[in-house]
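First the proteins, then the strands, lettered A, B, ... as listed; each starts at 1.
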Number of protein chains: 2
Amino acid sequence: MLNSILFYSLDKAIRSYRRLAQANIDRAGLDITIDQWLVLRVLLEHDDLTQHEIAERVFKDQASVARMLALLTKRGLLSAVPLPQDGRRTQLRVTEQGQQMLDAVHPIVLDNRATALAGLAEDELAVLQQLLERIALNCTPAIS
Amino acid sequence: MLNSILFYSLDKAIRSYRRLAQANIDRAGLDITIDQWLVLRVLLEHDDLTQHEIAERVFKDQASVARMLALLTKRGLLSAVPLPQDGRRTQLRVTEQGQQMLDAVHPIVLDNRATALAGLAEDELAVLQQLLERIALNCTPAIS
DNA sequence: GCAGGAATTATGATGTATCATAAAGTTTAC
DNA sequence: GTAAACTTTATGATACATCATAATTCCTGC
């Protein structure tokens with residue numbers, strides 16, 4: 001009965017994937033969560049984002065991002081140096097250790113994706129992605 | 001770049017939906033979370049499940065379910081009476097108040113689904129659901 | 001320049017996710 | 001019958017989700 005509900009399937013797919021992904025990271029002896037990994041990944045590309053901008057990119061909220069940044073910094077994967085031109089912000093940079101972590105996690109992530117999407121054709125994935133985007137759009141209140 | 005990653009879209013779709021759903025429930029002045037609602041819904045149909053069985057049905061884990069049951073009971077939406085034939089378990093029943101909550105939330109949930117799935121055809125939904133099930137299956141380690 | 005508003009970050013409160021484990025009850029083997 | 005194995009539930013620890021709000025700092029209009 002629950003099985004017939006689309007959002008149940010959606011939830012199940014995402015959680016199954018997250019469990020698989022985290023299990024494989026743990027198994028490799030790497031001490032990082034997939035959420036932290038995602039944030040670190042974004043910061044590698046852009047080191048000039050506000051917490052709000054980071055949150056938008058990883059689809060979380062600012063409060064969650066603030067706590068993840070604090071954790072990543074505490075763990076030495078990220079450095080935060082006060083910005084002279086804006087007393088509120090800091091310059092966020094992935095550290096050497098953070099870079100090593102990203103490097104170590106990368107092949108695992110690729111492997112996870114391959115496992116999760118095994119047997120799905122390119123065009124199926126395209127359709128899936130497009131439908132998901134439409135749902136997300138439907139659920140997002142118009143800004144104007 | 002992130003946008004091209006399927007799991008990012010998956011995550012985004014589910015979270016958009018959850019935010020929409022919770023916002024509408026809050027707006028109606030109803031004090032319940034969608035997760036609690038789901039558990040309550042299951043208990044209405046089956047009042048003889050162990051926490052582990054409930055967890056399987058709502059795709060959560062036993063620890064989460066235990067805490068949600070405690071909350072629901074504290075809020076008077078659920079009653080838990082010790083079972084004579086098994087000293088570990090309790091008989092879980094949705095209370096009158098819980099029933100009223102379910103009744104109040106139901107139309108909102110229907111409305112949320114309609115909003116989220118607007119413009120998607122029946123056959124598109126079928127495809128989507130089938131693809132999601134396959135992903136979930138791929139991510140679930142074989143039991144044997 | 002300065003007052004009011006906006007942006008940025010931090011944090012409290014509450015709820016859920018996950019793993020691990022403890023505590024208590026039940027079943028099975030013998 | 002009892003010891004060992006198994007079930008069931010509760011809870012500790014840590015992390016993320018969300019809303020609200022406080023505390024700074026910056027910017028803008030005047």
message = Using whole Å, what does the distance between atom P of nucleotide dA10(C) and atom CG of Leu69(A) come to?
response = 8 Å
note = NZ of Lys60(B) to CG of Leu38(B), rounded to nearest 0.5 Å, is 6.5 Å
key: Glu56(A) CD - dT9(C) P separation (whole Å)   = 13 Å
key: For atom CG of Leu20(A) and atom P of dC19(C), their distance in whole Å   = 12 Å
request  = Output the residues of residues 85-96 of chain B in contact with DNA chain C, where contact means a heavy atom of the residue under 4.0 Å from an atom of the strand; sort by number or write none.
outcome  = Gln85(B), Asp86(B), Gly87(B), Arg88(B)
request  = Using heavy atoms and a sub-4.0 Å distance, could you list which residues of residues 59-66 of chain B are near DNA chain D? By number, please.
outcome  = Gln62(B), Ala63(B), Ala66(B)
task = State whether Thr33(A) places a side-chain N or O below 4.0 Å from either non-bridging phosphate oxygen (OP1 or OP2) of dC16(D).
result = yes
query = Can you check the Leu49(A) CG to dT9(C) C1' distance for me, whole Å?
reply = 15 Å
inquiry  = Counting only side-chain heavy atoms from C-beta out, which of dT9(C), dC16(D), dT18(C) sits nearest to Arg67(B)?
reply    = dT18(C)
request  = Show your reasoning for whether side chain to side chain donor-acceptor pair (under 3.5 Å) applies to Asp61(A) and Ser64(A).
outcome  = CA-CA 6 Å; Asp61(A) 78 337; Ser64(A) 296; 2.8 Å; yes
task = Take the protein atom CD1 of Ile14(A) and the nucleotide atom C1' of dT18(C), then report the distance between them rounded to whole Å.
result = 16 Å
ask   = How many angstroms lie between CG in Leu10(B) and CG in Leu128(A), if you round to the nearest 0.5 Å?
value = 6.0 Å
ask   = Has Gln36(A) got a side-chain N or O lying under 4.0 Å from the OP1 or OP2 atom of dC16(D)?
value = yes
query = Can you check whether Leu40(A) reaches Leu44(A) side chain to side chain, under 4.5 Å on heavy atoms?
reply = no
ask   = So, for Ala13(B) and Ala136(A), which heavy atoms are closest and what is the spacing to 0.1 Å?
value = CA-CB, 4.0 Å
inquiry  = Taking the cut-offs as 6.0 angstrom to the six-membered ring centre and 45 degrees off its axis, would you call Arg19(B) and Phe59(A) a cation-pi pair?
reply    = yes
message = Need one value for Leu71(B): base, sugar-phosphate or nothing, where a base atom within 4.0 Å counts as base even if backbone is also close, heavy atoms only.
response = sugar-phosphate
key: Interatomic distance, Asp48(B) atom CG to Arg89(B) atom CZ [nearest 0.5 angstrom]   = 7.0 Å
message = What is the separation between atom CE on Met68(B) and atom C1' on dT9(D), rounded to the nearest whole Å?
response = 15 Å
Residue whose nearest DNA chain D nucleotide is more 5′ - Gln51(B) or Pro84(A) = Gln51(B)
inquiry  = Here's a test for you: under side chain to side chain contact (heavy atoms under 4.5 Å, CB included), which of Ile32(A), Asp31(A), Leu20(A), Thr33(A) qualifies with Ile25(A)?
reply    = Ile32(A)
task = Take the protein atom CG of Asn24(B) and the nucleotide atom P of dC19(D), then report the distance between them rounded to whole Å.
result = 12 Å
note = dist Leu131(B):CG -> Leu125(A):CG (nearest 0.5 Å) comes out at 8.0 Å
query = Closer than 4.0 Å, any side-chain N/O of Arg19(B) to the OP1 or OP2 of dA17(D)?
reply = no
Length of the NE2-P vector between His52(A) and dT18(D), whole Å = 14 Å
remark   = Note: for Lys74(A) and Asp26(B) on DNA chain D, the residue whose nearest nucleotide lies more 5' is Lys74(A)
query = Quick one: the side chain of Arg18(A) and the base of dT16(C), do they pair up donor-acceptor inside 3.5 Å?
reply = no
request  = Would you confirm whether Thr95(A), through its side chain, and Leu77(A), through its main-chain N or O, come within 3.5 Å as a donor-acceptor pair?
outcome  = yes
